[in-house]
Amino acid sequence: QVQLVESGGGLVQAGGSLRLSCAVSGRTFSSIAMGWFRQAPGKEREFVAAISWSTIAAYYADFVKGRFTISRDNGKKMVYLQMNSLKPEDTAVYYCAAAKEVTTLHLARSSDYWGQGTQVTVSS
């Protein structure tokens, strides 16, 4: 089992930045892929970013490329999502996700484990 706890959400003005964090506990952290998804009101949950266990490969949704950066610290069992140049359309609940394979996250757009989510609100 893997437990995921997100933090760092909040209210920010358009053009601002936020960094989301995800604390991971449970099975061996360094061997699993990590990612972030988001769900806006009235919309389905969508893939945002993913990173392999080795940190060699990172994947992004087209709508965040160049603005968001995913990273992980295997020693601290933490995953981060640095979000810059935020837009009102980035407003959503952001979920941390973990999977045995990174392809589950960025290709299947699914996950083996989910966090509870953290709210991000971008005002115009």
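What you see below is based on every heavy atom in this structure, not just the backbone, and it leaves out hydrogens, waters and symmetry mates.
- In this structure, the side chain of Ser52 does not engage the main chain of Ala33 through any donor-acceptor pair within 3.5 Å.
- From Gln82, atom CD reaches atom OG of Ser71 across 8.0 Å, with rounding to the nearest 0.5 Å.
- Pro88 and Ala14 get closest at one heavy-atom pair: CD-CB, 4.1 Å.
- Of the possible polar contacts, one joining the Thr118 side chain to the Gly9 backbone as a donor-acceptor pair under 3.5 Å is found.
- Considering only heavy atoms from C-beta on, Ser21 comes within 4.5 Å of Met78 through its side chain.
- Side-chain contact between Ile32 and Trp53: absent, with no pair of heavy atoms (C-beta onward) separated by less than 4.5 Å.
- Going from atom CD of Gln119 over to atom CD of Gln39 covers 11.0 Å, rounded to the nearest 0.5 Å.
- Side chains of Thr121 and Val12 form no contact here, defined as non-hydrogen atoms less than 4.5 Å apart.
- Judged by distance alone, the side chain of Asp112 and the main-chain N or O of Lys100 form a donor-acceptor pair under 3.5 Å.
- Applying the disulfide (SG to SG under 2.5 Å) test to every pair with at least one member in residues 31-114, sequence neighbours left out, gives these pairs: Cys22-Cys96.
- Across Ala97 and Ser111, no two heavy atoms sit closer than the pair CB-OG, 3.3 Å.
- Nearest heavy atom pair, residue Leu86 against residue Leu18, reads CD1-N, 3.9 Å.
- Glu46 pairs by the side chain to side chain contact (heavy atoms under 4.5 Å, CB included) definition with Arg38, Phe63, not counting sequence neighbours.
- Residues Tyr113 and Gln1 have side chains in contact (heavy-atom distance under 4.5 Å, counting atoms from C-beta outward).
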Checklist entry - Can Leu4 and Gln116 be said to form a side-chain contact (heavy atoms from CB on, under 4.5 Å), step by step? => result CA-CA 8 Å; Leu4 310 174; Gln116 293 299 307; over 6 Å; no
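- Between Val122 and Gln13, the closest side-chain pair of non-hydrogen atoms is not below 4.5 Å.
- Panel note: side chain Ser110, backbone Thr104; no donor-acceptor pair is recorded below 3.5 Å.
- Atom CZ of residue Arg19 and atom OG of residue Ser7 lie 9.0 Å apart, to the nearest 0.5 angstrom.
- With side-chain heavy atoms closer than 4.5 Å counting as contact, directly or through intermediates, the hydrophobic cluster containing Val93 also holds Phe37, Phe47, Tyr59, Tyr95, Val102, Leu105, Trp114.
- Atom NZ in Lys87 sits 4.5 Å away from atom CZ in Arg67 (nearest 0.5 Å).
- Between Ala49 and Leu81, the shortest heavy-atom contact is CB-CD1, 4.2 Å.
- Of the possible donor and acceptor atoms, one in the side chain of Tyr60 sits under 3.5 Å from a partner among the backbone N and O of Ile70.
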Checklist entry - Stepwise, does the side-chain contact (heavy atoms from CB on, under 4.5 Å) test hold for Thr69 with Tyr80? => result CA-CA 8 Å; Thr69 303; Tyr80 306 99; over 6 Å; no
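- The structure places CE of Met83 at 7.5 Å from CG of Asp90, a figure rounded to the nearest 0.5 Å.
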Item to check | Pair Thr91-Val120, side-chain contact (heavy atoms from CB on, under 4.5 Å): steps then yes or no | outcome: CA-CA 5 Å; Thr91 295; Val120 172; 5.9 Å; no
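- The shortest side-chain heavy-atom distance between Phe68 and Asn84 does not fall under the 4.5 Å cut-off.
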